[in-house]
Amino acid sequence: MLIRKIYDTLYETYGEQNWWPHDTVLEVAIGAILTQNTAWRNVEKAINNLKREGLLDGKKLLSVSDDKLKELIRPAGFYNQKAERLRSFLKYLYKKGGCLKKINDDTKKIRNELLQIKGIGKETADSILLYAMDRPVFVVDAYTRRVLRRHNIIKEKADYETIQSLFEQNLPKDVSLYKEYHALLVKLGKEHCRSRNPQCGTCPLKILFMTD
DNA sequence: TTCCGGCGCC
DNA sequence: GGCGCTGGAA
């Protein structure tokens, strides 16, 4: 089926993407918030700043001053809102015991709780669930939408959950597969399926959509 | 729909 | 100097 074929083709073309590099899972969740509408390169700078200050720890990060936090995450942009978003998330985390790994609630419950946090929307919530908590949730982002749109697989106004279930219902419920697929779509979106000046001539998916 | 924003690339 | 970046809120 198509959804599977797209994955196989992308995997054969690009290989393992190795998302998402980290020392701790908290770092993954923090990265998920910092990377909102932001190039990963800039998020890395911010995370390295936090690491250098020894602040990649929930309690320490919550105790740092607002100005200091903003200064450290500044390279990731939107630093005023992101500082607040990080604090909101960390407060939630501590209400839940302070450790992502020890949260044993079912995925839907956690997702709903994450979505209540101001500054965490569907994509960020699902990124945290998938990449930091190893829950089988497919992450839908702008690249995903664009790739599917350009191949006419979804409607113009298809909403988040519709796209998400398209993947989840056509793939085995496999965390590693979901992680890899999303990473591969991002790779495709950067290399070929760009918003501007798309490289359709060399698109690895071209062979799947040739009609003659 | 618009704002939030630093950063690197064309 | 303009544009897009592993979005979300109002």
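To find a chain, count down the sequence lines: A is the first, B the second, and so on, and within it residues start at 1. These numbers were taken from a predicted model, which means no experiment stands behind them.
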Between dA9(C) (C1') and L114(A) (CG): distance, integer Å: 17 Å
OP1 or OP2 of dG8(B) under 4.0 Å from side-chain N/O of R41(A): no
Sugar-phosphate only, base, or nothing, as touched by Q81(A) at under 4.0 Å among non-hydrogen atoms: base
Sugar-phosphate only, base, or nothing, as touched by L185(A) at under 4.0 Å among non-hydrogen atoms: nothing
Pairwise 5' ranking along DNA chain C for Q36(A) and S195(A), keeping only the more 5' one: S195(A)
No-hydrogen, no-angle side-chain donor-acceptor test under 3.5 Å, E180(A) and Y11(A): no
Sugar-phosphate, base or nothing in reach of L115(A), heavy atoms under 4.0 Å: nothing
d(CG, L34(A); P, dG5(B)) in whole Å: 13 Å
Gap in Å between the two C1' atoms, one belonging to dT1(B) and one to dT6(C), rounded: 23 Å
Whole angstrom value for the distance that separates C1' of dT6(C) from CD of Q164(A): 15 Å
K45(A) side chain near dC7(B) phosphate (N/O to OP1/OP2, under 4.0 Å): no
ring centroid sep under 5.5 Å plus plane angle under 30, W19(A) with dT6(C): yes
Pair T38(A)-K82(A), side-chain donor/acceptor within less than 3.5 Å: yes
Phosphate contact (dG8(C) OP1 or OP2) by R85(A) side-chain N/O below 4.0 Å: no
Sugar-phosphate only, base, or nothing, as touched by N197(A) at under 4.0 Å among non-hydrogen atoms: nothing
Phosphate contact (dG8(C) OP1 or OP2) by T124(A) side-chain N/O below 4.0 Å: yes
Residue P75(A), side-chain atoms from C-beta onward, closest of dC7(B), dT6(C), dG7(C): dC7(B)
Sugar-phosphate only, base, or nothing, as touched by A183(A) at under 4.0 Å among non-hydrogen atoms: nothing
Protein-nucleotide distance (E71(A), atom CD; dG5(B), atom P), rounded to Å: 16 Å
Separation between the C1' atoms of dG4(C) and dC4(B), rounded to whole Å: 15 Å
Derivation and outcome, ring-ring contact (aromatic ring centres under 6.0 Å, His included), residues W40(A) and W20(A): CA-CA 11 Å; W40(A) 182 252; W20(A) 163 324; 5.4 Å; yes
Other residues, nucleotides, ligands: >12 heavy atoms within 6.0 Å of K5(A) NZ: no
Reported CG-to-CG distance for the pair L90(A) and L62(A), which is rounded to 0.5 angstrom: 4.5 Å
side-chain N/O K118(A) vs dA10(C) OP1/OP2, d < 4.0 Å: yes
Aromatic plane relationship, F138(A) with Y178(A) - under 30° parallel, 30 to 60° tilted, over 60° perpendicular: perpendicular
Heavy-atom donor-acceptor pair, T38(A) side-chain to dG6(B) base, under 3.5 Å: no
Nearest-angstrom distance from the residue atom CG of N49(A) to C1' of dG6(B): 13 Å
Any Y79(A) side-chain nitrogen or oxygen under 4.0 Å from OP1 or OP2 of dG5(B): no
OP1 or OP2 of dC9(B) under 4.0 Å from side-chain N/O of R194(A): no
Of the listed nucleotides dT6(C), dG6(B), dC5(C), the one nearest the side chain of R146(A): dC5(C)
Nucleotide dG6(B), atom C1' - distance to CG of N48(A) in whole Å: 16 Å
Rounded distance in Å - CD (E123(A)) to P (dA9(C)): 12 Å
Separation of atom CD in E191(A) from atom P in dG4(C), rounded to whole Å: 18 Å
Proximity to the side chain of N80(A) - top-ranked nucleotide from dG5(B), dT6(C), dC3(C): dG5(B)
Electrostatic pair K60(A)-E53(A), nearest N-O below 4.0 angstrom: no
Closest nucleotide among dG4(C), dT6(C), dG5(B) to the F78(A) side chain: dG5(B)
N37(A) side chain near dT6(C) phosphate (N/O to OP1/OP2, under 4.0 Å): no
Same-atom distance (P) from dC7(B) to dA9(C), integer angstrom: 24 Å
